[in-house]
Participant: 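Dropping the structure in here first, questions after.
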Amino acid sequence: MDLDRLLGLLRDTYDVQDWWPSESPFEVMVGAILTQQTTWENVAKVLDRLRSEGLLDVERMASADLPMLESTIRPAGFYKQKAKRVKGLATYLRVRYTSDPMLMLNGPTESVRRELLSLDGIGKETADSILVFGAQREKFVAAAYSARILRRTGVFCSENYDEIQSFVESNLKCGPKGFHDLYALIVQLSKDTCRPVPACARCSLGPECKFFTEQRRR
DNA sequence: ACCCAGGTGGCCC
DNA sequence: GGGCCACATGGG
């Protein structure tokens, strides 16, 4: 199994259209923070609540009442952290990019990525999700699901984020949207308990691999 | 009564 | 650099 074949199989089975629905890049940023360690169903509920309160807006979010924000975010879990981080993000965008907060997503991908990573609550996975789904950049999100599927399909075996990301980014030949689609499809496959993971093979590391003895899943 | 979810940051060694 | 831990609600 190689990357392009995996992507092809997944595209035959799942649809990437509107996998990450949003009305603005800022909504993607907020959603990316809210969805950390949380199901999208709960995040969608919170996004709706934020929207109805007019808070999916940099200016309004930045000046939102924190306790109020916390109670709105509660169903998404880790609500105190997330409220502080989302408000912190909005505040940063407002002061750093006064004319247009979304200018932050302009410029070279790697420099936007570094700036995202400097913010509280935005790590590699969240930064890459924002780049891919909020700013249409070519980046692969090397999340836990990605590591798991690539390992079980025998494509690549590693738990290291940077290693997995650079492997995919330098080996997937498929054109534009390849990284975007691959990640979206991997998550759908992971959550779809009714369908088996595509045929599994041990990775090329052989007995050196710490997962070598893992049994194949159905 | 467990376990997991579209992670991150802090602290320790 | 890795290994633990807190953060928290909701659903199986």
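No experiment lies behind these values; they were computed from the predicted model shown. Below, read A as the first sequence line, B as the second, and so on, with proteins coming before strands; counting in each chain starts at 1.
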Participant: Whole Å only: how far is the CD atom of A:Q81 from the C1' atom of B:dG9?
Facilitator: 8 Å

Participant: Which residues in residues 33-50 of chain A have at least one heavy atom lying under 4.0 Å from any atom of DNA chain B?
Facilitator: A:T35, A:Q36, A:Q37, A:T38, A:T39, A:W40

Participant: Given atom NZ of A:K80 and atom C1' of B:dT8, what is their separation to the nearest angstrom?
Facilitator: 18 Å

Participant: By salt bridge (charged side-chain N to carboxylate O under 4.0 Å, His left out), which residues pair with A:R94, not counting sequence neighbours?
Facilitator: A:E59

Participant: State whether A:Y161 places a side-chain N or O below 4.0 Å from either non-bridging phosphate oxygen (OP1 or OP2) of B:dG7.
Facilitator: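 Indeed not, no polar side-chain atom of A:Y161 lies that close.
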
Participant: Would you say a side-chain N or O of A:R148 is under 4.0 Å from OP1 or OP2 of B:dA5?
Facilitator: yes

Participant: Find the distance A:E125:CD to B:dG7:C1' and express it as a whole number of Å.
Facilitator: 6 Å

Participant: Please give, in whole Å, the distance from B:dG7 P to A:K82 NZ?
Facilitator: 9 Å

Participant: Measure from the side-chain heavy atoms of A:T126 and tell me the nearest of B:dA5, C:dT9, B:dT8.
Facilitator: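 For A:T126, the side-chain atoms sit closest to B:dT8.
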
Participant: Excluding sequence neighbours, so at least two apart, what forms side chain to side chain donor-acceptor pair (under 3.5 Å) with A:R74?
Facilitator: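 Listed in chain order: nothing, the list is empty.
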
Participant: To the nearest Å, give me how far apart CZ (A:F78) and C1' (C:dA6) are.
Facilitator: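 Roughly 8 Å, once rounded to whole Å.
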
Participant: Quickly work out the A:D162 CG to B:dG7 C1' distance and round it to whole Å.
Facilitator: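 That distance rounds to 15 Å.
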
Participant: Roughly, in whole Å, what's the span from CG in A:L119 to P in B:dG7?
Facilitator: 19 Å

Participant: Indicate the ring-plane relationship of A:F133 and A:H180, choosing parallel, tilted or perpendicular according to the 30° and 60° boundaries.
Facilitator: tilted

Participant: With sequence neighbours left out, write down each residue that passes salt bridge (charged side-chain N to carboxylate O under 4.0 Å, His left out) with A:D100, or none if nothing qualifies.
Facilitator: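 Salt bridge (charged side-chain N to carboxylate O under 4.0 Å, His left out) list for A:D100, sorted by chain: empty.
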
Participant: Mind checking whether A:F78 and A:M61 sit in one hydrophobic cluster, side chains of I, L, V, M, F, W, Y counted as touching below 4.5 Å?
Facilitator: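 No, A:F78 does not connect to A:M61 through the hydrophobic network.
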
Participant: Anything under 3.5 Å between a donor and an acceptor, one on a side chain of residues 101-110 of chain A, the other on a protein residue two or more places apart or in another chain? List them.
Facilitator:
unit_1	atom_1	unit_2	atom_2	d
A:T109	OG1	A:R137	NH1	2.8
A:E110	OE2	A:K139	NZ	3.1

Participant: Listed by chain and number, what are the side chain to side chain donor-acceptor pair (under 3.5 Å) partners of A:E53, not counting sequence neighbours?
Facilitator: A:T72

Participant: Could you tell me the separation between the CD1 atom of A:I73 and the P atom of C:dC7, rounded to a whole number of Å?
Facilitator: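 Computing the A:I73:CD1 to C:dC7:P distance gives 18 Å.
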
